[in-house]
Amino acid sequence: MSGVRAQQKEKTRRQIINAALNQLSAERSFSNLSLREVAKEAGLAPTSFYRHFSDMDELGLTLVDEAGLTLRQLMRQARQRIAKGGSVIQISVQTFMELIESNGNIFRLLLRERSGTSAAFRAAVIREIRYFTMELCDYLQKANQLEADVAYMQANAAVTIVFSAGSDALDIEDKVERDQLAQQTIQQLRFIARGALELSNRRKASRKSR
């Protein structure tokens, strides 16, 4: 029975998380949500909420963790697609834009809480973005044989550009305009990639000439 109860508890916890995410929009941020609204959306009594989260702040931090994990899983999926053939940058941007189109609230949460009023939320978002950046850095370093600091500079710049593009994409409904934004982002990332590779190659050549 304990296994069944644990499964039911996790199912209910997931309902609460999804209920909060579903209520986020361009007009409503997490700070505008109430516990009662989230519980109602999840089909629960408000008192049932406290069996899973101590308060809305704990739910918010859980959502930030969830958003960060979703982004990292997304990029892992992109790398699996890349392994089957295709442009690394193009597939990565396309995969990211697919997330914006299918589940923009995940990304919207990170954007808002990154500059929100809660210090705990800001710290959590910064931590998730750092995880995302470092995972990308490790991939670039191994895939392109880059020095660690060069790979980090490329990863950091890439994340900044992609997050900016994602922010713009949230407000774009026209598919043609969104595709144009994706192509612009791809070109910007290619410029950065070329610069990183050139810098790394110059360093290697300089060391060999000594």
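Here the side chains of Leu35 and Phe53 are not in contact, with every heavy-atom distance at 4.5 Å or above. Inter-residue side-chain proximity for Val162 and Leu189 is flagged as met; some heavy-atom pair is nearer than 4.5 Å. Under the 4.5 Å side-chain criterion, counting only non-hydrogen atoms from C-beta, Tyr139 is in contact with Val88. Using a 4.5 Å heavy-atom cutoff, the side chains of His52 and Leu59 are not in contact. Using a 4.5 Å heavy-atom cutoff, the side chains of Gln90 and Arg190 are in contact. Residues Phe49 and Arg36 have side chains not in contact (no heavy-atom distance under 4.5 Å, counting atoms from C-beta outward). Between Gln188 and Ile192, every side-chain heavy-atom pair lies at or beyond the 4.5 Å cut-off. A heavy-atom distance below 4.5 Å is not found between the side chains of Met153 and Leu140.
Atom-to-atom distance recorded for Thr133:OG1 and Gln154:CD is 12.0 Å, nearest 0.5 angstrom. Ile161 CD1 to Gln187 CD: the interatomic distance, rounded to the nearest 0.5 Å, is 11.5 Å. Interatomic distance, Asn22 CG to Asn103 CG, rounded to the nearest 0.5 Å: 8.5 Å. To the nearest 0.5 Å, atoms OH (Tyr152) and CD (Gln141) are separated by 13.0 Å. A distance of 8.0 Å separates CG in Leu136 from OG in Ser92, rounded to the nearest 0.5 Å. Distance CG/Leu71 to CG/Leu110: 5.5 Å, rounded to 0.5 Å.
Annotation for Leu63 and Ala20: closest pair CD1-CB, 3.8 Å, computed over non-hydrogen atoms. For the residue pair Leu69 and Glu128, the shortest heavy atom distance occurs at N-OE1, 4.1 Å. The minimum heavy-atom distance linking Ala148 with Cys137 is given by the pair O-SG, 4.0 Å. Of all the heavy atoms in Met56 and Leu33, the pair that sits closest is CE-O, 3.8 Å. The two residues Ile100 and Ala169 have their closest heavy-atom pair at CG2-CB, 3.9 Å. Pairing each heavy atom of Leu109 with each of Ala67, the nearest pair is CD2-CB, 4.4 Å.
Note on Asp171 versus Arg108: no salt bridge recorded, every NZ/NE/NH1/NH2 to OD/OE distance being 4.0 Å or above. Between Arg194 and Glu198, no side-chain nitrogen of the basic residue sits less than 4.0 Å from a carboxylate oxygen of the acidic one, so the salt-bridge criterion is not met. Classification of Glu66 and Arg14 as a salt-bridged pair holds, one side-chain N sitting under 4.0 Å from a carboxylate O. Salt-bridge check for Arg178 with Asp168: failed, with every basic side-chain N at 4.0 Å or more from each acidic carboxylate O. Comment: Asp138 does not engage Lys142 in a salt bridge, judged by the lack of any side-chain N to carboxylate O separation of less than 4.0 angstrom.
By the criterion of side-chain heavy atoms lying less than 4.5 angstrom apart, applied directly or through intervening Ile, Leu, Val, Met, Phe, Trp or Tyr residues, Leu61 is grouped together with Tyr50 in one hydrophobic cluster.
Atom CD of Glu101 sits in a sparse spot, with 12 or fewer heavy atoms from other residues, nucleotides or ligands closer than 6.0 Å. The neighbour count for Lys9 NZ, taken as heavy atoms of other residues, nucleotides or ligands under 6.0 Å away, does not exceed 12. Annotation for Arg114: atom CZ does not count as buried by contact number, only 12 or fewer foreign heavy atoms lying within 6.0 Å.
With hydrogens and angles ignored, the 3.5 Å screen pairs no side-chain donor or acceptor of Asn144 with any backbone N or O of Leu146. Looking only at distances, a side-chain donor or acceptor of Arg112 sits under 3.5 Å from a matching main-chain atom of Arg28. The backbone N or O of Asn156 sits less than 3.5 Å from a side-chain atom of Thr160, completing a donor-acceptor pair. With hydrogens and angles ignored, the 3.5 Å screen pairs a side-chain donor or acceptor of Thr95 with a backbone N or O of Ile91. Using a distance-only test at 3.5 Å, with no hydrogens or angles considered, no donor-acceptor pair links the side chain of Ser200 to the main chain of Ala196.
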Steps toward side-chain contact (heavy atoms from CB on, under 4.5 Å) verdict (Gln183, Val93)
CA-CA 9 Å; Gln183 288 303 314; Val93 171; over 6 Å; no

Residues Leu197, Val150; criterion side-chain contact (heavy atoms from CB on, under 4.5 Å); working and verdict
CA-CA 8 Å; Leu197 186 59; Val150 176; over 6 Å; no

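Looking at Glu98 and Ser102, their side chains never bring a donor and an acceptor atom within 3.5 Å of each other. A side-chain donor from one of Ser29 and Asn32 sits under 3.5 Å from a side-chain acceptor of the other. In summary, the side chains of Glu37 and Ser34 do present a donor paired with an acceptor at a separation below 3.5 Å, with no hydrogens or angles considered. Counted by atom type alone, Ser115 and Arg122 present zero donor-acceptor pairs between their side chains at under 3.5 Å.
For Glu135, the salt bridge (charged side-chain N to carboxylate O under 4.0 Å, His left out) criterion is met by Arg76, Arg79, not counting sequence neighbours.
By the 30° and 60° cut-offs, the orientation of the rings of Phe163 relative to Phe132 is tilted.
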